[in-house]
Amino acid sequence: MTADVDVLAAAREAFDRHDWQSCYDAVYAVQLDDPRAEADRLELLADAAWWLGQVEKGIAAREAAHRIFESIGAQRAAGRCAIWLYQDHCMRARPAVASGWLQRARRALDGDTECVEYGALLLREAEAAHGGGRLEEAVELAERARALARTLASEDLEAEALQTLGRVLIDDGNPIAGLAHLDEAMLFAVEGRLGPYSTGKIYCSLISACEELGDLERAAEWTEATTTWAARHPFAIFPGICRVHRAVVFERRGDLEEAEREAMQACGELADSHLPNAVTALATVGDIRRRLGQLDLAEAAFGQAESLSGQPCGGAALLRLAQGRVEEARRVIQDCLAHEPPLRPGRARLLPAAVQIAVAAGDLDDAEAAVVELESIAERFDRPMLHALAEVARGRLELAMGDPGGSTAALQAALHRWHELQVPYEIATASTLLAQAQREAGHEAAARESFARARSLFEQIGAGLDARDVDSVRRPHRPAGLTEREIEVLSLIAAGRTNREIADQLHLSPKTVSRHLTNIFTKIQVSSRAAATAFAFEQRLVGRGR
């Protein structure tokens, strides 16, 4: 037993000073005689492996430890192992296996409710309820964990409970209270009162919340703090997760090349440890490459992300749109939206793309539905970035509906917010749309200035694809300001098609076709189908319908 104690003492000492590799080496190649000591050795091996990013090795060791703990009746330790195995399998994107381990944790800790392990179980159950949309249940579980933490004087448990409460409150439409809880949790971390796991989890959770809500200044501040902390834990998986957040910050600042470097490094660091964040990193790489105009490389990154997660990401829909594959883009974005709960900040990342794609497809009914939902989210969470996203979407829709005045008002409001947030890519995008609205309204000089401003910004940040798009729309190639979809509808009118036939051929609703027809008549200043047909022949537009 003395030898067993010596081995474990040396390993724990290395672990406590965050020397994960020395801890791992100390317990890797030995086997202890006493069952409890052997289970403790395997649990330490699993902990060190986790911090080294070797999650699969950690899972194997922790499962072996769990079996021994159960066999000797050490139920609290068995429950602790089961909770970690739940988390590990979540990280490896195995929800069914994770659910099984959570059930084992409940059984192991049944009746043992005055311990930190039980508090951790409550928080895992709160997270599961949160993910399932049962927000009231999630709040109740997290509050119970927080009360237990105070009884036990466990600062790690209390801080994690605050973090869980914060994220649930945000999704429940109370971002001010939610961020306040996250800030309170951060106080424990910055004061150095937490262990490394709790510190890293709270940092990353707060930054993720800031990104969802568009609190860019707060995200940048805490991202720098996260990076400083992670540098002191060089073998942990947290630096890779932090790089994902840093990439988002760089992307929004307009530093696309630096954002790509951070995201690419994160991909390598997370591939064998945290699959959900590895997918996020790959999707970020794909989106950056799309903006840089590197469509083939973007395709490869999105393909890798889809192969890991089993479903496409929102950025892939905009790639399909850039490739001219509009119907495929619609399928991708609809699939992505189907996996996001309604009225959550996460949908605000997808709805602007849904509007853009629906407008490109000429389906203004779908576009309007997406705009209304985005406006509801912005109103519910009341954050500047969400309002700006909604205003750009509204401006895009009004432009497609033939209302340049309404489009201009919405886009100017959005531009004011984007300038305050200092987000160059979004400023350039809104300026491009504003230029089109100004041109439609007959304000050609203002339109030229807006086009020039947009192109200059896109060039500064290296967004080659968007710069080329500005060139393609700054000089109108279509008569009377007709959109490509309106030309398709007009061509089919000239071919003698009814509204129902046009709707069937273009995969639109009759209501959308009727709206297009109203816009066409207004733009070409006619009041009958016969006059519209004559205009189509004069402008040689016949035959351009699909």
Side-chain angles (χ1 to χ4, degrees), residues 4-5 7-9 11-12 14-16 18 20 23-24 26-128 141 145 148-149 152 154 156-157 160-161 164 195-198 200-201 236-237 272-275:
D4 292 357
V5 171
V7 168
L8 292 174
R12 286 198 180 97
F15 190 87
D16 289 343
H18 306 160
W20 324 120
C23 176
Y24 186 89
V27 292
Y28 175 69
V30 297
Q31 185 169 353
L32 306 184
D33 295 329
D34 179 75
R36 177 63 194 239
E38 175 62 6
D40 288 340
R41 178 190 76 84
L42 288 165
E43 190 175 18
L44 263 175
L45 180 66
D47 289 340
W50 190 91
W51 279 103
L52 292 168
Q54 299 175 17
V55 176
E56 294 296 344
K57 289 182 179 179
I59 287 174
R62 207 179 301 276
E63 286 178 346
H66 177 270
R67 287 193 294 271
I68 298 174
F69 283 134
E70 268 205 328
S71 71
I72 63 176
Q75 292 300 104
R76 184 177 292 184
R80 182 174 61 246
C81 283
I83 291 166
W84 271 99
L85 285 163
Y86 162 77
Q87 295 178 152
D88 289 345
H89 284 290
C90 284
M91 287 172 57
R92 301 304 290 161
R94 299 170 190 146
V97 178
S99 177
W101 280 109
L102 193 59
Q103 183 60 33
R104 283 194 176 179
R106 292 187 189 106
R107 188 175 67 241
L109 296 171
D110 185 31
D112 187 11
T113 60
E114 297 299 317
C115 60
V116 170
E117 287 81 0
Y118 187 73
L121 173 62
L122 290 174
L123 290 182
R124 301 299 87 76
E125 291 181 327
E127 290 166 3
L141 288 164
L148 179 59
L152 300 174
S154 171
D156 284 88
L157 183 59
E160 287 189 43
T164 301
Y197 175 78
S198 297
K201 182 170 184 174
I237 67 166
D272 296 324
S273 56
H274 203 299
L275 282 184

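Quick note: residue numbers are just sequence positions, from 1.
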List in chain and number order the residues that pass side-chain hydrogen bond (donor to acceptor under 3.5 Å, both in side chains) with Gln103, two or more places apart in sequence or in another chain; answer none if no residue qualifies.
-> Arg106
If every non-hydrogen atom of Leu157 is compared with every non-hydrogen atom of Gly119, which pair is closest and at what distance?
-> CD1-C, 3.6 Å
Salt bridge (Lys or Arg N to Asp or Glu O under 4.0 Å) partners of Arg104, counting only residues at least two apart | none
Apply side-chain contact (heavy atoms from CB on, under 4.5 Å) to Pro95 and list each qualifying residue two or more places apart in sequence or on a separate chain.
-> none
Residues in side-chain hydrogen bond (donor to acceptor under 3.5 Å, both in side chains) with Arg41, at least two apart?
-> Glu38
What is the minimum heavy-atom distance between Leu152 and Val116, and which atoms define it?
-> CD1-N, 3.5 Å
Could I get the full list of side-chain hydrogen bond (donor to acceptor under 3.5 Å, both in side chains) partners for Glu127, not counting sequence neighbours?
-> Arg124, Lys201
Under the salt bridge (Lys or Arg N to Asp or Glu O under 4.0 Å) test, which residues partner Asp112, sequence neighbours left out?
-> Arg76
Heavy-atom donor-acceptor pair, Asp156 side chain to Gly195 backbone, under 3.5 Å | yes
Got a sec, which residues hit ring pair (Phe, Tyr, Trp, His ring centres under 6.0 Å) with Tyr24, two or more places apart in sequence or on another chain?
-> Tyr28
Qualifying salt bridge (Lys or Arg N to Asp or Glu O under 4.0 Å) pairs with a residue from residues 92-103, counting only residues at least two apart or across chains = Glu56-Arg92, Glu56-Arg94
Partners of Asp47 by salt bridge (Lys or Arg N to Asp or Glu O under 4.0 Å), sequence neighbours excluded?
-> Arg62
Could you give all pairs that pass the ring pair (Phe, Tyr, Trp, His ring centres under 6.0 Å) test and reach residues 53-82, with sequence neighbours left out?
-> His66-Trp101
Residues forming a salt bridge (Lys or Arg N to Asp or Glu O under 4.0 Å) with Arg67, sequence neighbours excluded | none
Are Trp84 and Trp50 close enough that their ring centres sit under 6.0 Å apart?
-> yes
Within-4.5 Å side-chain heavy-atom neighbours: Arg80 and Gln75 | no
